Amino acid sequence: MSSGAIDDLGFESRTFPPSTEFVATTHVADDSLYREGTANPDAYWERHARELVTWSTPWHTVCEWNLPFAKWFVGGELNVSFNCLDRHVLAGRGDRVAFYWEGEPGDTRTVTYKELLDETQKFANALLSLGVQKGDRVNIYLPMIPEAAVAMLACTRIGAAHSVVFGGFSAQALADRINDATAKVLITADGGWRRGEVFPLKPQADVALQDTPSIEHVVVVKRGGNDVAMQSGRDHWYHDLIAAANPMCPAEPMDAEQLLFLLYTSGTTGKPKGIMHTTGGYLTHVATTFKYVFDHQPDRDIFWCTADVGWVTGHSYIVYGPLANGATQVMYEGVPNFPANDRVWSLIEKYKVTIFYTAPTAIRTYMKWGTQEPQKHDLSSLRLLGSVGEPINPEAWMWYHEHIGHERCPIVDTWWQTETGGMMISPLPGATVTKPGSATRPLPGIGAEVVDESGTAITRGGGYLTLTHPWPGMLRGIWGDPKRYQETYWSRFPGRYFAGDGAKLDEDGYLWLLGRVDDVMNVSGHRISTTEVESALVSHPSVAEAAVVGANDATTGQAIIAYVTLRGGLTVDEHVLREHVAKEIGAIAKPKTVYFTPDLPKTRSGKIMRRLLRDVAEGRNLGDTTTLADASVVTELQRRASEHPAED
Ligand code: 7RM
């Protein structure tokens, strides 16, 4: 079906209701929450702000909306670190484990809520002693160690905004982000462990620090044990500051709209945007969605989110959402294939993880590595699985369902963005019948609609995903650039937030995410989403992962070029895959050429970078590659393209 915006080539029809066993203990087993959220979104969020968050001063207005600027819980005051730590300890739960942390080499630490609170208070005092004041920005550049959570929570305790930069980013990326935020303090480590080796952080930071005039002090956590230079007066060891710090630092109440953090997203063009999130609405959103989407119960569950704290998923669903709910989590420092391809499954078995949240890119990698890896381990503790970051191809969903969830665990496919702060579209696992590859429906209290080219909402078929009313975790702007905020998100469809993603609606009103609209291909006048062609390719039993792009073509406008990674040990002919796509979704979507590759170019958070594949397919020099995780992947594809130029 075609609405002119994006074609609907859909073919997935399997459905999975939650099991009676799951429903028996779930928080939400029926439509009541949806009905409450639809009837009055503000009242829905207000109830959860009251029930899940502790405030020192109540708000007078739930939501003040001056499109495109929102304020939530206006007049209210609260402290985020109090909500994540103190109140659990005050309620007698200080001995509950907050983190079972495991370093990549296999060293472990168990951190209770009481210990996390003690350390956070000391570090908050250390930051104060370095001159950090309410409203200042603090940069964080750390590996996945508990100190990352401590650093973030210590900032919230004193009202400083953090800006976390992923530890895999370059010195230049760090310097750009520090300078844009004019941060006063940088918190880093000597190094961290990755793939069996120490990767240097402080030496990278030193390069950045040559060009970051706003930085007055640097705090260095000892983790890698690598040699680092310490500049006297500026650089301080974390353990020295903690040893000298006053143990008491009362949580200061903050205005609900106090800046909580900046998080930079690279976007497809232009300089990184500092996405602004504030305090009361954000905490309400992530606490509520964590509880319901993961059906979390603190006395039962061990939660593991495999994201890095450098991404929004780590902010919202490792630090703030889980800790606000008093969750017990696993935190892992390293890569999933050290020392072997079964590390993830061995950790699930070891810590008896009940809820596992990861990305489609990881699931497809596990598919590539083969089912023998999870089969080596007892995964019976798992009760719920989650996915985030990209559309999950139906076949990857089925693999996750069968080989990890053993057909017992609901899967929550959660659509959201750095900009949305928290989850927006996702099943509620005890109430929603799932379909492989669909994020299902907007969560209670969230308004999402698919619109056509003219901005009119459609009820079937493909179009542009928009959000129709403000939500508590929404971004409050782009740091230093309100005009860009307005233009990027609020100008294409008046009155609506435009996410930049395509989506389609099926006959049950379920949403199927179709990827970024910039990637949509135009073949003989048909607007074809990358997601549907990729999912058709992945539905072939030999294929683990696929990326497709539209390359200029004299006859059809664009031709579909596919890059395909096979499942371990399997092979298949190019023409078989082309016919497979034709059979699954139609001849129009048949790739003109299929390239086989052991890897695809990805961002450091694991999203496929189709823009680079388009450059390769059209024989151009590569555009911006700074966010690419492994540059050798594209150079190899370029080399092969130049050896075998695609004939027209
Ligand atoms: C959480 C996160 C946001 C973009 C978003 C989409 C894509 C994320 C899903 C998804 C389909 C999903 N934040 N995306 N989740 N697409 N289904 N469940 O990833 O800011 O880094 O990226 O990611 O394109 O716009 S993000």
Side-chain angles (χ1 to χ4, degrees), residues 6 12 164 166 169 261-268 272-277 285-286 289-290 293 305-318 320-321 357-364 385-394 396-397 400 411-427 434-443 446 448 450 462 464-467 473-475 478 488-489 497-504 510-520 529-532 534-535 547 602-611 627 629:
I6 305 176
E12 178 56 53
V164 183
F166 172 56
F169 271 142
F261 64 83
L262 299 178
L263 186 57
Y264 285 81
T265 64
S266 42
T268 42
K273 307 183 283 251
I275 303 300
M276 296 164 66
H277 283 290
H285 187 163
V286 298
T289 49
F290 178 80
V293 172
C305 166
T306 63
D308 189 281
V309 285
W311 313 122
V312 73
T313 308
H315 285 58
S316 300
Y317 299 106
I318 294 177
Y320 297 116
Y357 190 35
T358 195
T361 180
I363 296 166
R364 295 184 305 245
L385 303 174
S387 172
V388 61
E390 289 182 296
I392 178 165
N393 316 107
W397 194 104
Y400 202 24
I411 296 177
V412 284
D413 173 9
T414 63
W415 179 88
W416 57 293
Q417 307 179 295
T418 303
E419 292 88 339
T420 69
M423 296 162 179
M424 303 295 283
I425 305 173
S426 166
T434 55
K435 305 184 186 186
S438 171
T440 75
R441 299 165 63 183
L443 285 167
I446 299 296
V450 180
Y464 304 93
L465 179 65
T466 65
L467 301 170
M474 71 184 271
L475 76 167
I478 295 173
T488 308
Y489 305 105
Y497 173 93
F498 175 43
D501 283 0
K504 65 176 185 178
Y510 275 41
L511 284 157
W512 301 73
L513 276 299
L514 296 177
R516 307 294 294 168
V517 297
D518 299 343
D519 291 332
V520 168
S529 85
T530 52
T531 302
E532 291 195 299
E534 289 163 4
S535 289
K602 303 212 174 135
T603 66
R604 288 183 170 86
S605 66
K607 298 189 206 296
I608 296 173
M609 285 180 80
R610 292 178 193 76
R611 179 174 53 78
T627 55

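Note that this is a predicted model, so its numbers are computed, not measured. When a ligand or atom number is given, it counts from 1 through the structure's own listing order.
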Heavy-atom nearest option to atom 1 (C) of ligand 1, drawn from W311, W415, W512, W416: W416
Closest to atom 21 (O) of ligand 1 (judged by heavy-atom distance), picking from E390, H315, K607, Q417: K607
State the atoms of ligand 1, each with its element, that fall below the 4.0 Å cut-off from a heavy-atom position in R516. 24 (O), 25 (O)
Can you list the ligand 1 atoms lying under 4.0 Å from a non-hydrogen atom of T414? 9 (C), 12 (C), 15 (N), 18 (N)
Interatomic distance, CG@L443 vs OG@S426, rounded to 0.5 Å, equals 5.0 Å
Flag S387 as yes when one of its N or O atoms lies below 3.5 Å from any N or O atom of ligand 1, and as no otherwise. no
Hey, is ligand 1 close enough to T313 that some N/O pair sits below 3.5 Å? no
Protein heavy-atom partner closest to [atom] - residue, atom, separation in Å:
| atom | answer |
| --- | --- |
| atom 11 (C) of ligand 1 | P391 N, 3.1 Å |
| atom 15 (N) of ligand 1 | G389 N, 3.1 Å |
| atom 20 (O) of ligand 1 | T418 OG1, 2.7 Å |
| atom 6 (C) of ligand 1 | D501 OD2, 2.8 Å |

Side-chain contact, heavy-atom cut-off 4.5 Å: L511 with P442? yes
Counting C-beta onward and ignoring hydrogens, is there a side-chain heavy-atom pair between I6 and K504 closer than 4.5 Å? no
Examine the side chains of T531 and S529 and answer whether a donor and an acceptor come within less than 3.5 Å of each other. no
Of all heavy-atom pairs between [X] and [Y], which one has the smallest distance, and what is that distance?
| X | Y | result |
| --- | --- | --- |
| L513 | A439 | CD2-CB, 3.9 Å |
| A307 | G314 | CB-N, 4.0 Å |
| L475 | I275 | CB-CG2, 3.6 Å |

Under a 4.0 Å N-O cut-off, is there an ion pair linking R364 with E534? no
Quick one: does ligand 1 sit under 4.0 Å from the side chain of V312, the backbone, both or neither, non-hydrogen atoms only? side chain
